[in-house]
S.K.: 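Let me give you the structure first, and then I'll get to my questions.
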Amino acid sequence: GATKILDLGQNQCNSLNLSVGVNVFSYTCFPDNYTSYQLLNAVGLDNINAIRMLDSASGQWQVANVDNGSIVGHNFLIANIAVIMLDMKQAVPAWIPGE
């Protein structure tokens with residue numbers, strides 16, 4: 001599928017329109033102590049395949065994905081300001097992390 005890039009720039013807490021396929025974006029308003037598992041559940045396990053975030057310290061990708069309706073992989077913390085990659089099964093319009 002096609003990769004879509006959404007650059008929200010600085011200090012934007014707008015809703016996100018997540019498209020089917022791979023979405024890569026920066027976001028400056030993730031809630032405190034927000035985790036990959038919380039994000040997967042918030043987006044909806046039927047709507048998403050995986051979340052990936054590059055750990056800049058190690059250079060390794062952190063990954064959590066949905067396998068047969070269950071979350072597997074690392075339940076990593078998402079920084080308040082982060083760049084993440086979401087692999088979506090279904091589009092999710094007007095999504096706001098933490099709501």
Side-chain angles (χ1 to χ4, degrees):
T3 299
K4 297 187 181 6
I5 297 176
L6 174 63
D7 181 3
L8 298 176
Q10 294 292 337
N11 298 321
Q12 295 293 318
C13 296
N14 297 328
S15 63
L16 300 169
N17 292 315
L18 303 173
S19 303
V20 172
V22 176
N23 296 256
V24 178
F25 58 91
S26 63
Y27 196 72
T28 59
C29 301
F30 284 105
D32 291 337
N33 302 310
Y34 200 57
T35 68
S36 57
Y37 282 26
Q38 287 175 302
L39 184 147
L40 290 170
N41 281 305
V43 170
L45 300 183
D46 291 336
N47 297 325
I48 191 166
N49 291 310
I51 175 175
R52 293 172 181 83
M53 186 175 75
L54 184 63
D55 179 345
S56 59
S58 70
Q60 300 288 317
W61 284 98
Q62 297 182 50
V63 180
N65 61 302
V66 179
D67 185 18
N68 291 320
S70 296
I71 302 173
V72 295
H74 187 60
N75 189 19
F76 52 87
L77 277 176
I78 300 171
N80 296 98
I81 300 171
V83 176
I84 62 172
M85 179 173 14
L86 300 180
D87 180 5
M88 301 295 298
K89 294 182 214 175
Q90 304 289 331
V92 175
W95 179 71
I96 299 175
E99 292 189 3

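All residue numbers refer to positions in the sequence shown, counting from 1.
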S.K.: Consider side-chain hydrogen bond (donor to acceptor under 3.5 Å, both in side chains). Of T28, D32, N33, which one does N80 pass it with?
M.R.: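 Of the listed residues T28, D32, N33, the side-chain hydrogen bond (donor to acceptor under 3.5 Å, both in side chains) partner of N80 is D32.
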
S.K.: Please confirm whether the backbone N or O of G21 pairs with a side-chain atom of N23, one donor and one acceptor, at under 3.5 Å?
M.R.: yes

S.K.: Shortest non-hydrogen contact from S26 to V83?
M.R.: CB-CG2, 3.8 Å

S.K.: Minimum heavy-atom separation for Y34 to G98, with atom names?
M.R.: OH-N, 3.4 Å

S.K.: Would you say Q90 and D46 make side-chain contact, with heavy atoms under 4.5 Å?
M.R.: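 Q90 does not reach D46 side chain to side chain.
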
S.K.: What distance separates I71 CD1 from I51 CD1, expressed to the nearest 0.5 Å?
M.R.: 10.0 Å

S.K.: Check step by step if side chain to side chain contact (heavy atoms under 4.5 Å, CB included) holds for I48 and V66.
M.R.: CA-CA 7 Å; I48 191 166; V66 179; 4.2 Å; yes

S.K.: Should I96 and V43 be regarded as members of a common hydrophobic cluster, given that ILVMFWY residues are connected when their side-chain heavy atoms come within less than 4.5 Å of each other, either directly or indirectly?
M.R.: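 Hydrophobic grouping puts I96 with V43.
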
S.K.: Can you find a heavy atom in the side chain of L39 that is under 4.5 Å from one in the side chain of I84?
M.R.: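 Answer yes - side chains close enough.
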
S.K.: Are the side chains of R52 and D87 in contact, using a 4.5 Å heavy-atom criterion?
M.R.: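 Side chain of D87 against side chain of R52, heavy atoms only: contact under 4.5 Å found.
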
S.K.: Just so I know, are the side chains of P97 and C29 near enough to count as touching, which here means a heavy-atom distance under 4.5 Å?
M.R.: no

S.K.: Are W61 and V72 co-members of a hydrophobic cluster defined by side-chain heavy atoms under 4.5 Å apart?
M.R.: no

S.K.: Atom OH of Y27 and atom CG of L16: how far apart are they, to the nearest 0.5 Å?
M.R.: 5.5 Å

S.K.: Nearest 0.5 Å please: distance from the CG atom of L40 over to the CG atom of L86.
M.R.: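 Interatomic distance, L40 CG to L86 CG, rounded to 0.5 Å: 8.0 Å.
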
S.K.: Are Y37 and L77 connected in the hydrophobic side-chain network, where two residues link if heavy atoms are under 4.5 Å apart?
M.R.: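 As far as the 4.5 Å side-chain criterion goes, L77 and Y37 are not connected within one cluster.
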
S.K.: Could you label the plane-to-plane angle of the H74 and F76 rings as parallel, tilted or perpendicular, counting under 30° as parallel and over 60° as perpendicular?
M.R.: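 It falls in the parallel class, under 30°.
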
S.K.: Are any of the side-chain heavy atoms of N49 and N65 separated by less than 4.5 Å?
M.R.: no

S.K.: Look up atom OG in S36 and atom CD in Q62, then write down how far apart they are to the nearest 0.5 Å.
M.R.: 8.0 Å

